[in-house]
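Notes to accompany the following structure.
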Amino acid sequence: MHNSFKLNLVQRPRRLRRTAELRALVEDTVLRPSNLIAPLFVIDGKGRPEPIASMPGVFRLNIADLAKECRSLRKLGVLAVALFPKLDSRLKDEDGTAALSEDALILRAVRAVKDAVPGLVVMTDIALDPYTTHGHDGVLTPDGRDVDNDRTVAILARMAVLHASAGVDLVAPSDMMDGRVGAIRKALDAADHEGTAIMAYTAKYASAYYGPFRDAVGSAKASGTRSLDKRGYQLNPANRREALIELKLDEAEGADIVMVKPAGLYLDIIRDLRLSTRKPVAAYQVSGEYSQIHAAARLGWLDLPQCRRESLLAIKRAGADMILTYFAKEMAAELGGRQPL
Ligand code: PBG
């Protein structure tokens, strides 16, 4: 019987969406636990894990608990962690001098993690914001109105050498000062750390989505305001070409991996970098991206596991080889435990 509603179609893309097996067969973006990097917050002392109100499920851990957490991440197939220290505010000063302390919390944390899980890739942030009373990523000019680029770079280069000596695999300058990648590379090489790689925060935007992170490391409170203004050094969210200028500089200065941050709102930038470099591209799904999914899920408005997966898939699909995400552990557990279908 002739059905008058029947379309005469040669192409019916839905044929390949018909069953779960067919859909899996033609899936082109694949998330793997080894693509994920877990950012972790560390505190001094022996206290219990400290919850971070604006980041449900994320805790500041003492060094022993941090090492344990790294072990369980490794078991789930997460091969890399990014460590962030939260300092006692009494250790902070205008110039962030605690960043160069030989006994710095971050250095002790790195050594403990390397001892506990030797193969784990450990990276650390190179920036002064956890150490300064004002919460900026560098030292200020005498009038206090700007971050002093060159003086900051000199400090960051020394900081990177300290971190390398403690055993980090990757240093990650997150400060956006001009010339820092080159200065860090030079300082590392001069100190016989040719093997320490640089993951440059190449396109780090002046984003409002860092708010919960600043709660976590206490850099917002230090400045007395939540909207710490970093527009004098971080990229303008309106700008696309500028990311490629930064990419060119970071590559020339010796970056091994280039990063875009935030991730989900900057998929176009991830794609731009992917198409413009042969280096690995990383993306940082930042605290605010994590928190907004949690907030909506709490209200019952979004499904957490589905949004988690979709947000990470999108970042990977845009061209990121690896993703820093606070969802790393849960996502890896899901990927490992889940039968593909
Ligand atoms: C600081 C730094 C920030 C983040 C990583 N390193 C915050 C900032 O620039 O103020 C943000 C990470 C996140 O929001 O998850 N150099």
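Start at 1 and go down the list; that is how both ligands and their atoms are numbered. Heavy-atom basis, side chains included; hydrogens, waters and symmetry copies ignored.
If you look at D129 next to ligand 1, the close heavy atoms, those under 4.0 Å, all belong to the side chain. If you look at D125 next to ligand 1, the close heavy atoms, those under 4.0 Å, all belong to the side chain.
Using a 4.5 Å heavy-atom cutoff, the side chains of L140 and R145 are not in contact. V281 places none of its side-chain heavy atoms less than 4.5 Å from the side chain of M259. Counting only heavy atoms from C-beta outward, the side chains of D215 and Y210 never approach each other to under 4.5 Å.
Within the listing of ligand 1, atoms 12 (C), 15 (O) sit less than 4.0 angstrom from a heavy atom of Y284. Annotation for ligand 1: atoms under 4.0 Å from non-hydrogen atoms of S174 are 1 (C), 6 (N), 16 (N). The contact set between ligand 1 and D137, taken as ligand atoms under 4.0 Å from a residue heavy atom, comprises 1 (C), 16 (N). Under a 4.0 Å criterion applied to the non-hydrogen atoms of Y326, ligand 1 contributes the atoms 12 (C), 13 (C), 15 (O). Here is the list of ligand 1 atoms found below 4.0 Å of a heavy atom in A127: 16 (N).
In terms of N/O distances under 3.5 Å, ligand 1 is approached by K230.
With R308 as the fixed residue, the side chain to side chain donor-acceptor pair (under 3.5 Å) test singles out one of Q285, E334, H294: E334. Paired with I126 under the rule side-chain contact (heavy atoms from CB on, under 4.5 Å), one option of V168, I198, V181, L156 passes, and it is L156. Partner of L235 under the side-chain contact (heavy atoms from CB on, under 4.5 Å) criterion, out of K230, K204, E246: E246 alone.
Comparing heavy-atom distances from atom 3 (C) of ligand 1 across K261, R214, M55 singles out K261 as nearest.
Put simply, part of Q234 is less than 4.0 Å from ligand 1, judged by heavy atoms.
Shortest contact from atom 2 (C) of ligand 1 to any protein heavy atom: K204 NZ, 3.2 Å. Scanning the protein heavy atoms around atom 14 (O) of ligand 1, the nearest turns out to be S287 OG, 2.7 Å.
In this structure, Y266 has its ring center closer than 6.0 angstrom to the ring center of Y205.
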| Do D148 and T152 pass the side-chain hydrogen bond (donor to acceptor under 3.5 Å, both in side chains) test, and can you show the C-alpha distance, the side-chain angles, and the key distance before you say yes or no? | CA-CA 6 Å; D148 184 331; T152 298; 5.6 Å; no

